[in-house]
Number of protein chains: 2
Amino acid sequence: MHTPIERRAARRFERGPEARCPLVTDIHAEKTRDALTAAHLYYIQDLTMDAIAHELHTSRSSVSRLLSHARDTGLVDIQIRSPLDATSHLQQTIRARYDVAAHIVPVPDHTSEVDRLERVALSAARILGSFFDSNMTMGIAWGSTMTAISRHLVSKTTHNTQIVQLNGAGNTRTTGITYASEILRRFGDAYGAYVQHFPVPAFFDDPATKDALWRERSTRRVLDIQSSMDVALFGVGTPYAEVPSHVYTGGYLDDDDYRMMRECEVVGDVATVFLRADGSYADIPLNARATGPDFRILKQVARRVCVSSGHSKLAALRGVLAAGLVTDLIVDEGTARALVE
Amino acid sequence: MHTPIERRAARRFERGPEARCPLVTDIHAEKTRDALTAAHLYYIQDLTMDAIAHELHTSRSSVSRLLSHARDTGLVDIQIRSPLDATSHLQQTIRARYDVAAHIVPVPDHTSEVDRLERVALSAARILGSFFDSNMTMGIAWGSTMTAISRHLVSKTTHNTQIVQLNGAGNTRTTGITYASEILRRFGDAYGAYVQHFPVPAFFDDPATKDALWRERSTRRVLDIQSSMDVALFGVGTPYAEVPSHVYTGGYLDDDDYRMMRECEVVGDVATVFLRADGSYADIPLNARATGPDFRILKQVARRVCVSSGHSKLAALRGVLAAGLVTDLIVDEGTARALVE
DNA sequence: AAGCTCCCTGCACATATGTGCACACTCCCA
DNA sequence: TGGGAGTGTGCACATATGTGCAGGGAGCTT
């Protein structure tokens with residue numbers, strides 16, 4: 001037993017007669033089973049990878065990779081469960097003040113905005129698995145926060161699920177399909193969900209075009225799916241960010257738009273629908289041309305998860321909270337503190 | 001900031017005004033919060049312990065210990081969740097044949113009986129947390145398996161729970177209280193549950209004494225608690241084990257008892273109630289003097305978890321399964337394979 | 001206040017783990 | 001049958017992690 005093939009055969013042999021024939025043994029299922037066994041031995045029985053390698057007749061490094069695989073694919077589920085009496089003062093205050101369940105991501109105060117976003121996104125990606133399950137539809141926005149989240153998702157097998165794009169991503173330079181697709185695809189892959197694109201621009205030039213298109217059956221189909229969402233996931237956009245949001249730099253808006261935003265005292269947006277500090281949004285002209293869901297629609301979704309990081313989004317975030325758009329808020333610690341001050 | 005005290009103060013300071021006064025900050029809650037933060041940074045954000053040490057203003061080794069603490073106290077919950085299509089052939093067969101949910105513990109075939117027991121017990125201790133929750137009563141037996149399990153329990157905070165001893169542990173040499181208490185205490189500590197002792201011998205000399213005592217109100221109280229159990233946890237005893245069970249070596253039984261057991265074709269016991277290969281037990285004389293719960297009582301418990309390891313317990317285990325005493329079975333892989341052959 | 005114990009800390013060392021790299025195997029296509 | 005791309009493996013090294021030990025503070029007793 002010296003070559004990898006012989007070892008794999010030996011492993012099959014040990015598993016019993018029904019596994020000995022490679023023809024009926026799907027190679028992928030075999031890897032999953034090995035990963036499962038390795039995970040059990042490592043996380044439950046506390047064996048070292050060396051010992052596991054020995055039991056599995058493979059090398060230690062393969063076990064290391066097997067375990068990474070197990071974590072990535074959600075075979076191993078690691079949760080932090082704070083005893084109820086240990087929920088932080090911050091969480092309680094935010095719950096009391098905004099009626100929102102806060103998930104506070106510890107991040108040192110001196111962290112750069114980029115790192116902060118990355119770390120909050122990483123945490124969000126891991127928490128998300130507990131919000132999404134079989135027979136659900138999740139609506140997702142796009143932007144730098146959503147991109148970061150999509151890169152860190154942990155797989156979870158679900159059935160009869162779909163991911164639906166909340167707002168168009170096209171602009172004067174691109175259809176946005178490549179960009180938005182990448183995010184959607186990652187979500188779809190992670191959860192084994194059907195992906196529903198929304199191939200429209202972020203903003204129309206003429207509100208009438210939007211109204212017309214919105215009456216089309218092909219568009220209605222997507223809108224109908226949106227209105228049946230169980231979870232909505234979005235970041236917070238703001239024109240005043242140190243790292244400005246994708247919408248405000250990507251060629252979606254022109255000078256007139258910016259002027260209008262200033263006049264209307266816009267503080268930010270959710271899925272390209274703009275709002276003021278008090279949460280009002282209805283009479284902002286730009287919204288008539290925007291493709292994101294009207295907040296009345298959004299508020300019908302049972303779980304509305306907002307991910308925000310960094311001080312520069314604070315004003316926008318306050319607006320979003322004032323509008324009552326959020327049921328679950330994932331933020332960095334600094335922002336959380338600032339929210340209650 | 002060079003002494004530990006200064007650092008701890010600094011940590012408090014960073015946490016905000018309400019944490020700065022040590023008088024109102026319970027030292028234990030502080031440790032829990034630190035452990036929670038460390039766990040989040042380590043398991044969710046994938047930082048190294050070094051980086052976490054820096055963020056928490058402490059040393060790397062303290063972080064290592066903090067994380068151990070977090071795991072031990074159940075702050076971190078690591079679960080292995082096999083995708084439904086990957087449940088092993090073995091599990092399915094056992095479910096079909098015995099109508100029992102099997103939890104199979106991978107253990108290499110050449111493992112000694114002692115190691116095997118230890119590893120199965122470790123796995124059992126970790127799984128157990130998912131069976132037991134607030135407002136529940138769990139009945140537990142004693143013996144080498146139960147002792148091993150008790151040593152590896154992961155804490156879980158529950159409310160309004162109790163642990164009740166299933167059968168007496170006294171014999172001609174000791175009241176058994178020290179021995180049984182140790183096991184019960186560990187369970188009670190792990191789950192924050194109220195502990196209910198059963199201070200009687202394992203076997204009475206005279207069945208009439210048992211009957212008399214069973215009519216006493218003090219005894220009835222314990223029996224009543226037993227009959228309201230939500231979970232029962234027990235191992236399998238057998239006189240034929242390589243590592244013989246505690247009951248059969250601890251001075252509980254005399255030569256006459258052994259002779260009788262042979263005559264009755266006893267294969268083993270559950271909580272000191274003996275049974276035959278076909279699961280029958282009612283007409284075994286010894287049982288009239290035994291203090292474990294009658295199987296009719298036991299079978300009323302919604303969840304009956306049996307932990308068994310090693311080939312020498314196989315015959316007994318078959319009997320236990322035949323008696324229909326089990327809803328969840330935790331066994332080593334070798335035994336599981338033997339069960340379906 | 002001295003003396004005591006207990007517990008917590010950081011250091012230093014021994015282990016355990018993650019990863020770039022080269023090689024070998026499989027599968028696919030010509 | 002013979003490449004060639006792609007995947008998976010083990011080796012060796014660089015890091016990351018666990019733990020015995022000695023020192024020092026907090027709290028208790030006398």
Side-chain angles (χ1 to χ4, degrees), chain A residues 1-12 21-73 75-76 78 122 152, chain B residues 1-12 21-73 75-76 78 122 152:
Chain A
M1 186 161 64
H2 295 99
T3 74
I5 299 90
E6 285 173 308
R7 290 183 196 181
R8 190 183 296 167
R11 230 176 309 157
R12 276 205 206 94
C21 173
L23 291 174
V24 297
T25 307
D26 180 9
I27 195 87
H28 177 264
E30 181 167 355
K31 182 175 179 180
T32 303
R33 259 201 308 273
D34 278 352
L36 229 32
T37 307
H40 183 106
L41 294 172
Y42 190 76
Y43 288 107
I44 310 285
Q45 292 191 27
D46 289 334
L47 299 200
T48 71
M49 295 187 182
D50 226 349
I52 298 171
H54 204 258
E55 299 202 358
L56 255 46
H57 304 289
T58 181
S59 75
R60 196 184 51 69
S61 31
S62 293
V63 174
S64 172
R65 285 185 267 255
L66 219 42
L67 288 171
S68 303
H69 173 75
R71 283 188 299 263
D72 293 343
T73 54
L75 258 39
V76 177
I78 302 183
L122 183 50
H152 297 296
Chain B
M1 186 160 64
H2 294 99
T3 73
I5 299 88
E6 286 172 307
R7 290 182 194 180
R8 188 184 298 167
R11 230 177 308 156
R12 276 206 205 93
C21 172
L23 292 173
V24 297
T25 307
D26 180 9
I27 195 87
H28 177 262
E30 180 167 356
K31 182 175 179 180
T32 302
R33 260 199 309 273
D34 278 353
L36 229 30
T37 308
H40 183 105
L41 294 172
Y42 190 76
Y43 288 107
I44 310 287
Q45 292 192 27
D46 288 334
L47 300 200
T48 70
M49 295 187 183
D50 227 348
I52 298 170
H54 204 257
E55 300 202 359
L56 256 46
H57 304 290
T58 182
S59 75
R60 195 185 52 69
S61 29
S62 292
V63 174
S64 172
R65 284 186 268 255
L66 220 40
L67 288 171
S68 302
H69 173 75
R71 283 188 298 265
D72 293 344
T73 54
L75 258 40
V76 178
I78 301 183
L122 184 51
H152 296 296

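Every chain is numbered from 1 and lettered A, B, ... according to where its sequence line falls, protein lines coming before strand lines.
Checking the phosphate oxygens (OP1, OP2) of D/dA16, no side-chain nitrogen or oxygen of B/Tyr42 falls inside 4.0 Å. Here A/Ser64 reaches the OP1 or OP2 of C/dG18: one of its side-chain N or O atoms lies under 4.0 Å away. Checking the phosphate oxygens (OP1, OP2) of C/dG10, a side-chain nitrogen or oxygen of B/Ser62 falls inside 4.0 Å. Under 4.0 angstrom from either OP1 or OP2 of D/dG18 there lies no side-chain N or O belonging to B/Ser68. Between B/Thr58 and C/dG10 there is a side-chain N or O to OP1 or OP2 distance below 4.0 Å.
The distance from atom NE2 of B/His54 to atom P of C/dG10 is 13 Å, rounded to the nearest whole Å. Rounded to an integer number of Å, the gap from B/Met49 CE to D/dT15 C1' is 13 Å. Taking atom CG on B/Asp46 and atom P on C/dT17, their separation rounds to 16 Å, with Å as the unit. Here D/dA16 presents its C1' atom at 13 Å from OH of B/Tyr43, a figure rounded to the nearest Å. Protein atom CG of A/Leu66 is 17 Å distant from nucleotide atom P of D/dT7, rounded to whole Å. Here C/dA16 presents its C1' atom at 16 Å from CG of A/Leu41, a figure rounded to the nearest Å. Atom CG of A/Asp50 is separated from atom C1' of D/dC11 by 13 Å (rounded to the nearest Å). Protein atom CZ of B/Arg60 is 13 Å distant from nucleotide atom P of C/dC13, rounded to whole Å.
The minimum heavy-atom distance linking A/Glu55 with A/Leu47 is given by the pair OE2-CD1, 3.6 Å. Across B/Ala70 and B/Ala39, no two heavy atoms sit closer than the pair CB-CB, 4.3 Å. For B/Leu66 against B/Ala38, the heavy-atom pair with the smallest separation is CD2-CB, 4.3 Å.
Five base pairs at each end of the helix from C/dA1-D/dT30 to C/dA30-D/dT1 define two local axes, and these are offset by 30° (rounded to 10°).
The side chain to side chain donor-acceptor pair (under 3.5 Å) check on A/Tyr42 picks up nothing, with sequence neighbours excluded. Taking the side chain to side chain contact (heavy atoms under 4.5 Å, CB included) definition, one finds that B/Leu122 meets it with A/Gln45, B/Arg126, B/His152, sequence neighbours left out.
No option in A/Ile52, A/Asp50, A/Asp46 other than A/Asp50 meets the side-chain contact (heavy atoms from CB on, under 4.5 Å) test with A/Thr48.
Looking at heavy-atom distances under 4.0 Å, B/Ser61 makes contact with a base.
Of the possible polar contacts, one joining the A/Ser68 side chain to the A/Ser64 backbone as a donor-acceptor pair under 3.5 Å is found.
Comparing A/Arg65 and A/Thr48, the nucleotide of DNA chain C nearest to each residue sits closer to the 5' end for A/Thr48.
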